[in-house]
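Report on the structure given below.
Just so you know, ligand 1 is whichever comes first in the structure, and atom 1 is the first atom listed for that ligand.
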Amino acid sequence: MSISSHLAEVQQAITECEKEAGREDGSVTLIAVSKTFDADVIEKALKAGQRVFGENKVQEAKGKWPQLREAYEGVELHLIGPLQSNKAKDAVALFDVIHTIDRKKIARSIRVEMEKQSRELDLFIQINTGAEPQKAGILPDEADDFIGFCQVELGLSIRGLMCIPPFDEDPKPHFKMLRKIAKRNDIKELSMGMSSDYTEAIKQGATYVRVGSAIFGHRKQKKD
Ligand SMILES: *Cc1c(COP(=O)(O)O)cnc(C)c1O
């Protein structure tokens with residue numbers, strides 16, 4: 001099946017889930033995760049009308065998206081992978097939304113760069129809901145303090161929270177936890193749900209779902 005029909009299928013499933021969950025039509029935004037795919041593959045999605053995309057590496061995005069943005073109007077690019085401070089400058093220049101704020105140092109660098117470049121990005125904080133040692137994100141216990149730090153001390157407006165549930169667990173309690181942390185901090189957007197679990201995420205209140213392989217097919221083994 002083609003990328004355009006995969007996209008239509010996923011969008012259709014999202015619309016059905018919104019309805020089932022009693023949520024407004026269009027309340028969930030599909031982020032098409034195009035990491036590892038070349039520009040010619042991504043163009044198939046752009047030609048089918050998709051405009052919201054996710055990439056997990058600054059360097060990789062830098063090699064593909066400036067040209068694609070020139071060719072297609074209205075692209076909205078989301079950084080969904082871990083960020084290092086030395087990439088903050090490029091990240092702020094390239095992306096519209098960052099989902100992975102998870103350390104004070106990163107939050108500070110992003111703030112400095114947004115000021116320097118006069119760019120206002122939408123920022124999400126990543127929460128490590130499973131408290132997995134190898135995974136990025138703020139621990140659930142530290143989430144309220146960190147959100148407060150970003151908002152009060154840095155004056156950043158935090159649009160949303162993001163999580164990646166542990167690979168081998170039922171994602172539902174993780175989605176619920178993210179929603180709860182967002183609610184008590186008065187944060188509106190929830191970035192949760194991937195190819196395998198976006199329908200469940202929508203039931204639990206996701207406003208952004210990050211879907212890669214269900215649209216573009218399986219990714220080749222990563223080189224790094
Ligand atoms: C790769 C990736 C996705 C998409 O994963 P699929 O299972 O291919 O849908 C979503 N979120 C993040 C953070 C990712 O790195």
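- How far CG of L154 is from CG of L123: 10.0 Å, rounded to the nearest 0.5 Å.
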What does the contact table look like for ligand 1 (nitrogen or oxygen on each side, cut-off under 3.5 Å)?
{"unit_1": "ligand 1", "atom_1": "8 (O)", "unit_2": "S213", "atom_2": "N", "d": "2.8"}
{"unit_1": "ligand 1", "atom_1": "8 (O)", "unit_2": "S213", "atom_2": "OG", "d": "2.9"}
{"unit_1": "ligand 1", "atom_1": "8 (O)", "unit_2": "R219", "atom_2": "NH1", "d": "2.8"}
{"unit_1": "ligand 1", "atom_1": "8 (O)", "unit_2": "R219", "atom_2": "NH2", "d": "3.2"}
{"unit_1": "ligand 1", "atom_1": "9 (O)", "unit_2": "S195", "atom_2": "N", "d": "2.9"}
{"unit_1": "ligand 1", "atom_1": "9 (O)", "unit_2": "S195", "atom_2": "OG", "d": "2.5"}
{"unit_1": "ligand 1", "atom_1": "9 (O)", "unit_2": "G212", "atom_2": "N", "d": "2.8"}
{"unit_1": "ligand 1", "atom_1": "11 (N)", "unit_2": "R210", "atom_2": "NE", "d": "2.8"}
{"unit_1": "ligand 1", "atom_1": "15 (O)", "unit_2": "K35", "atom_2": "NZ", "d": "2.6"}

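- Screening residues 147-175 for ring-ring contact (aromatic ring centres under 6.0 Å, His included), with sequence neighbours left out, gives no hits.
- Residue pairs meeting the ring-ring contact (aromatic ring centres under 6.0 Å, His included) criterion with at least one member in residues 3-29: none, sequence neighbours excluded.
- Annotation: ring-ring contact (aromatic ring centres under 6.0 Å, His included) contacts involving residues 57-85, sequence neighbours excluded, comprise F53-W65, H78-H99, H78-Y208.
- Under the 4.5 Å side-chain criterion, counting only non-hydrogen atoms from C-beta, R210 is in contact with I164.
- With rounding to the nearest 0.5 angstrom, the CZ atom of R103 is 13.0 Å from the CD1 atom of I125.
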